[in-house]
Amino acid sequence: MIRLRDIRSKAIGQLKEIGSDSPGLDVDLLLEQALDLSPLDIMLEPDRQVSEAKEQVFQDLLRRRLAREPISQILGQKDFWSLTFKVSRDCLTPRPDSETLIEAALKAIPDRTKPLKILDFGTGSGCLLLSLMSEFPHSTGVGVDLSPKALACAQENAERLGFLDRCDFILSDWAEKLPSSAGFDVILCNPPYIGQSEKPDLAPEVHDYEPHMALFAEEEGRREYKRLAEVLPNLVAEGACVFLEIGHKQGVEIVDVFSKGGAKNIRILKDLAGRDRCIALNY
Ligand code: GLN
């Protein structure tokens with residue numbers, strides 16, 4: 001037997017050494033998972049005795065974290081908006097920054113009873129699509145992705161969260177397999193936007209564990225916005241709203257791409273850290 005506090009402090013020290021941003025939180029989440037404890041158990045009972053078998057389960061999870069695997073992938077899930085999503089190496093992990101798109105959509109469309117047709121391009125885990133659908137109970141949704149494995153993940157999330165009867169998932173390179181008269185009321189998209197030159201700056205948790213097709217785009221991260229600017233006008237219903245995630249230094253250039261593509265009323269919106277994160281527009 002070994003005391004919880006001793007396992008905890010040793011593991012925090014090891015994670016500090018590899019440069020984890022949040023060693024205490026990481027360890028607590030792994031302890032909760034391995035020992036089947038609540039956060040309160042960990043806080044209130046530091047002298048709890050842990051069996052060797054349970055400690056082994058924890059050490060196996062810790063070893064993965066020490067190899068820089070992200071906590072969300074070790075736990076297999078990540079919270080986004082008010083929902084919990086299954087995540088894996090096959091899809092981009094939902095990030096709080098992307099909640100900017102959901103907030104913007106809710107602000108633009110105050111009437112929650114609308115039967116919106118929502119499209120999510122590059123749906124990944126399905127986090128944008130399903131979060132917005134959760135706020136509009138009469139909405140229907142289409143999630144598009146170029147990765148069959150990501151689509152399977154989105155579909156599983158839709159099923160777990162009880163939205164499968166309201167949405168479809170389509171394997172497609174942007175609009176290639178969509179009918180051009182689809183007429184969506186809301187289009188969401190978090191495209192790949194990291195330039196190749198930024199690759200060396202990425203944390204190993206991102207670079208080594210997340211799908212590169214969801215992260216990187218040609219032309220210093222601008223290529224997919226140019227392709228989207230060509231197809232979006234054919235997909236929107238009258239009065240539709242489009243919300244696109246952007247890299248925080250890309251705002252001005254991406255506004256230019258879409259204004260040349262005929263978009264109107266283009267606004268740059270900021271994330272909670274005050275950085276440009278979303279472009280909202282209409283056609
Ligand atoms: N926001 C992600 C990051 O900076 C990038 C996601 C993307 O390219 N869409 O890691």
Side-chain angles (χ1 to χ4, degrees), residues 19-22 26 68-74 78-81 85 87-105 119-132 143-147 149-151 153-154 157 172-175 187-229 231-232 242-255 257-258 268-281:
S20 161
D21 292 340
S22 51
D26 288 4
R68 307 300 292 259
E69 185 170 347
I71 284 285
S72 53
Q73 288 185 14
I74 298 173
K78 174 83 178 176
D79 289 347
F80 181 85
W81 200 245
F85 290 86
V87 296
S88 71
R89 285 177 93 141
D90 299 326
C91 60
L92 193 75
T93 298
R95 289 150 162 75
D97 296 343
S98 306
E99 293 178 346
T100 311
L101 275 70
I102 305 296
E103 271 169 29
L119 170 66
D120 180 16
F121 260 153
T123 194
S125 64
C127 66
L128 289 174
L129 178 70
L130 301 171
S131 297
L132 195 59
V144 167
D145 211 288
L146 189 50
S147 156
K149 287 184 176 169
L151 269 189
C153 186
N157 279 319
S172 173
D173 186 6
W174 300 138
I187 300 181
L188 303 164
C189 180
N190 178 11
Y193 56 68
I194 300 177
Q196 296 293 337
S197 70
E198 294 171 82
K199 228 179 203 179
D201 304 332
L202 290 183
E205 283 83 351
V206 178
H207 183 274
D208 297 346
Y209 289 92
E210 296 204 77
H212 283 197
M213 68 189 283
L215 293 170
F216 299 108
E218 299 297 317
E219 300 180 36
E220 278 310 298
R222 287 173 221 123
R223 167 91 180 116
E224 300 309 321
Y225 296 104
K226 291 185 182 169
R227 295 183 65 213
L228 286 163
V231 298
L232 291 181
V242 178
F243 304 93
L244 302 153
E245 183 163 327
I246 55 165
H248 66 99
K249 293 180 193 155
Q250 293 174 323
V252 176
E253 285 174 66
I254 305 303
V255 166
V257 169
F258 285 95
I268 299 180
L269 308 171
K270 293 187 187 300
D271 61 22
L272 284 176
R275 292 173 305 189
D276 292 351
R277 183 59 62 196
C278 170
I279 282 191
L281 54 90

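These numbers come from the heavy atoms of this one structure, side chains and all, not from hydrogens, waters or symmetry mates. Atoms within each ligand, like the ligands themselves, are counted from 1 in listed order. Keep in mind that what you see is a predicted model, and the values were worked out from it rather than measured.
- At a threshold of 4.5 Å between non-hydrogen side-chain atoms, the residues Tyr225 and Ile246 count as touching.
- The Leu215 neighbourhood of ligand 1 comprises atoms 8 (O), with distances under 4.0 Å to a heavy atom of that residue.
- Between Arg95 and ligand 1, at least one pair of N/O atoms sits closer than 3.5 Å.
- Residue contacts with ligand 1 for Ala217 are absent, since no atom lies close enough (heavy atoms, distance under 4.0 Å).
- Ligand-side atoms of ligand 1 in range of Glu245: 1 (N), range being under 4.0 angstrom from any heavy atom.
- Without hydrogens or angle criteria, Gln250 side chain to Tyr193 main chain gives a donor-acceptor distance under 3.5 Å.
- Only one option out of His248, Glu99, Lys270 pairs with Arg277 in a side-chain contact (heavy atoms from CB on, under 4.5 Å); it is His248.
- Every atom of ligand 1 is numbered from 1 in the order shown, and the set under 4.0 Å from a heavy atom of Pro191 is 7 (C), 8 (O), 9 (N).
- In the vicinity of Asn190, heavy-atom distances shorter than 4.0 Å reach the ligand 1 atoms 7 (C), 9 (N).
- Residue-environment remark: CD (Glu219) exceeds the threshold of 12 foreign heavy atoms within 6.0 Å.
- At least one N or O atom of Tyr193, backbone or side chain, sits closer than 3.5 Å to an N or O atom of ligand 1.
- Residue-environment remark: NZ (Lys149) stays at or below the threshold of 12 foreign heavy atoms within 6.0 Å.
- In this structure, Leu272 places its CG atom where only 12 or fewer heavy-atom neighbours from other residues, nucleotides or ligands lie under 6.0 Å away.
- Checked by atom type, the side-chain pair Thr100/Glu245 shows no donor-acceptor distance below 3.5 Å.
- Residue Val206 places no N or O, backbone or side chain, under 3.5 Å from any N or O of ligand 1.
- Numbered from 1 in the order shown, with element, the atoms of ligand 1 that lie under 4.0 Å from a heavy atom of Pro192 read 8 (O).
- Here Glu210 pairs with Arg95 in a salt bridge; the nearest charged N to carboxylate O distance falls below 4.0 Å.
- Nearest protein heavy-atom neighbour of atom 4 (O) of ligand 1: Ile194 CD1, 4.2 Å.
- The closest approach between any non-hydrogen atom of Ala214 and ligand 1 is below 4.0 Å.
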